[in-house]
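Everything on this sheet refers to the single structure shown next.
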Amino acid sequence: MEFLPVSDESLLRAAQVINSGGIVAFPTETVYGLGANAYDSAAAAKVFEAKRRPFFDPLIIHIASVETLNEAANLSLLTEETRLKLSLLIKNFMPGPLSIVLPKSEKIPGIVTAGLPTAAFRFPANETAQKLISLSSGAVAAPSANLFGALSPTRAEHVRDSLGGEVDIILDGGQSQIGLESTVLDLTGGGVKILRHGGAPKEAIENIIGSVQDLTNTENDTAESLSSPGRLKSHYAPKTPLSVFNLEDIICKPFEENSAWLFFDGVSHNAWKSAHTQQSREGAVKVLSPCGNLPEAASCLFEILHELDNSSFAKIYAQFAPQYGLGAAINDRLKRASAL
Ligand code: TXA
Ligand code: MG
């Protein structure tokens, strides 16, 4: 494995590796991805193996030009109304943190989409990701670069620590700015459906194309019933047991010396502090955003979870974020992190 800072030279090497069937971890503005040539089934198989990802969980295809959709998707299968919505979504969210599920073209091998006739497409805004995609196959299949079910990586070091022995190159592009995976939106079948909350808030999408159906409720999910396996209940989980509560419930919990607390904002942290005067362990109390700013909170969620998870606490108590904007994605990840 080569761990390389981003440069023209390392980008060229990484592109060569992708073109010759290898796998490369690369930065995007959401989380780090583990990429392979999306037109190469043997290369895509390596991604599943490296992540220990079940073959029923499809990969997202990353593009660096909207024109690639003409090749990798089959847009002729969409109704005129859906095509209109797609063009509005492209205009507003590509590049950006939105993955759009569309009918796939014959060029995309079945392994990439787990046998589905559809594929999720994302045009990342991160410049390194765009260059890597353009310099290589133009369509790069990439899930998040973590072991299946584990916390997503927001730094190259996170990838090195969990998948270092499995990948050919890790491109180090620093910390991911958004810090949460893309929103997954399904445009196939009737209507528009959100399959996963993420970096593009539902409200922002509805402002552009009108109301969308929310299929992200995790209550009754089973592997069979899921149209998007990223909706599996236990996903994005730290090794340390985590539970998530409203502030009042966290305040009611008795203090525990070996536990960690993760608050949404400074006001909540202060409220808890005035109810618990005991000395907590160093690094045991974290605040996602002192002033309650949702993008800031989203950008450090996985970062802080990685840190707490590596500090041998017995438990993590986390507070829900407000349930709007990026808060929906933050709460979704916290709920999944808490499912045992
Ligand atoms: O921000 C992101 O989306 C990151 C970066 C690397 O782009 N990628 C990512 O990939 O989070 P992954 O594999 O961890 O999650 C992809 C999600 C899964 O929930 C998967 O089931 C869903 O997208 N997905 C992919 N193709 C699909 C399809 N054809 N139909 C429905 N869901 C699909
Ligand atoms: Mg993932």
Side-chain angles (χ1 to χ4, degrees), residues 23-36 38 44 47-48 50-64 72-74 93-105 108 110-126 128-130 132-133 139-154 158-159 162-163 171 173 176-189 193-200 215-216 218 221 223 226-237 298 302 329 332-333 336-337:
I23 55 177
V24 171
F26 62 97
T28 87
E29 74 277 22
T30 57
V31 300
Y32 273 69
L34 181 59
V47 169
F48 283 93
K51 274 188 65 108
R52 320 247 192 288
R53 181 182 179 107
F55 285 95
F56 63 70
D57 195 353
L59 308 181
I60 293 176
I61 299 174
H62 293 68
I63 58 175
N74 186 351
F93 297 99
M94 287 197 169
L98 180 68
S99 297
I100 306 181
V101 177
L102 297 168
K104 79 170 186 73
S105 83
I108 301 297
I111 185 168
V112 169
T113 64
L116 295 172
T118 60
F121 292 94
R122 176 158 111 79
F123 184 162
N126 179 287
T128 299
Q130 291 181 356
L132 178 67
I133 298 162
V140 171
S144 51
N146 52 290
L147 284 168
F148 181 70
L151 289 175
S152 290
T154 50
H158 296 155
V159 184
S162 66
L163 292 176
L171 280 179
S176 299
Q177 290 137 300
I178 295 179
L180 276 180
E181 300 85 345
S182 62
T183 302
V184 180
L185 198 65
D186 188 354
L187 255 59
T188 67
K193 295 163 234 137
I194 290 206
L195 303 182
R196 176 176 76 179
H197 286 295
L215 294 190
T216 61
T218 60
D221 285 355
L226 294 172
S227 48
S228 185
R231 298 170 58 223
L232 279 176
K233 217 168 170 183
S234 176
H235 212 91
Y236 315 108
F302 283 130
D332 170 83
R333 302 307 184 270
R336 287 172 208 281

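Just so you know, these numbers use all the heavy atoms, side chains as well, and skip hydrogens, waters and symmetry mates. Ligands are counted one by one from 1 in listed order, and the atoms in each one are counted from 1 as well. Nothing here was measured: the structure is a model prediction, and the numbers come from that model.
For the Mg ion (ligand 2), the N/O/S atoms of Asn146 include none lying under 2.8 Å.
Comparing heavy-atom distances from atom 3 (O) of ligand 1 across Pro153, Ser182, Pro58 singles out Ser182 as nearest. For atom 6 (C) of ligand 1, the nearest non-hydrogen atom from the set Gly33, Pro27, Ala200 belongs to Gly33. Nearest residue to atom 21 (O) of ligand 1 from Val184, Ile100, Asp57 is Asp57 (criterion: closest heavy atom).
Numbered from 1 in the order shown, with element, the atoms of ligand 1 that lie under 4.0 Å from a heavy atom of Leu116 read 28 (C), 29 (N), 30 (N). When each atom of ligand 1 is checked for a heavy atom of Val31 under 4.0 Å away, the hits are 4 (C), 6 (C). Atoms of ligand 1 found under 4.0 Å from any heavy atom of Leu59, numbered from 1 in the order shown, are 25 (C), 26 (N). Atoms of ligand 1 lying under 4.0 Å from any heavy atom of Leu195, numbered from 1 in the order shown and given with element: 31 (C), 32 (N).
Remark: Ile100 CD1 to Arg122 CZ distance equals 11.5 Å, nearest 0.5 Å.
Using a 4.0 angstrom heavy-atom cutoff, Lys104 does not count as in contact with ligand 1. Contact between Thr113 and ligand 1 is absent, with no heavy atom of the residue lying under 4.0 Å from the ligand.
In this structure the side chain of Val184 reaches within 4.5 angstrom of the side chain of Val101, judged on heavy atoms.
Among the atoms of Thr28, none of the N or O lies under 3.5 angstrom from an N or O of ligand 1. In terms of N/O distances under 3.5 Å, ligand 1 is approached by His62. Among the atoms of Thr118, some N or O lies under 3.5 angstrom from an N or O of ligand 1.
Contacts with ligand 1 closer than 4.0 Å are made by no heavy atom of Lys51, backbone or side chain. Here Ala119 has backbone heavy atoms under 4.0 Å from ligand 1, and that is the only part of it that gets that close.
The backbone N or O of Asn146 sits nowhere less than 3.5 Å from a side-chain atom of Ser144 that would complete a donor-acceptor pair. A donor-acceptor pair is defined here as one N or O able to donate and one able to accept, closer than 3.5 Å; such a pair exists between the side chain of Arg53 and the backbone of Pro58. When atom types are taken as modelled, the side chain of Ser105 and the backbone of Asn74 share no donor-acceptor pair closer than 3.5 angstrom.
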Exercise for the section: Start with the C-alpha gap between Phe148 and Asp57, add the side-chain angles, then the distance that decides, and say whether side-chain contact (heavy atoms from CB on, under 4.5 Å) holds. Expected result: CA-CA 10 Å; Phe148 181 70; Asp57 195 353; 3.4 Å; yes
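Summarising the geometry of Leu195 relative to Leu215, their closest heavy-atom pair is CD2-CD1, 4.0 Å, with the distance given to 0.1 Å. Residues Leu59 and Ala141 share a closest heavy-atom pair of CD1-CB, 3.9 Å. When all heavy atoms are compared, the tightest approach of Phe121 to Ile60 is C-CG2, 4.4 Å. In plain terms, the two heavy atoms of Ile23 and Ala36 that are nearest each other are CG2-CB, 4.0 Å.
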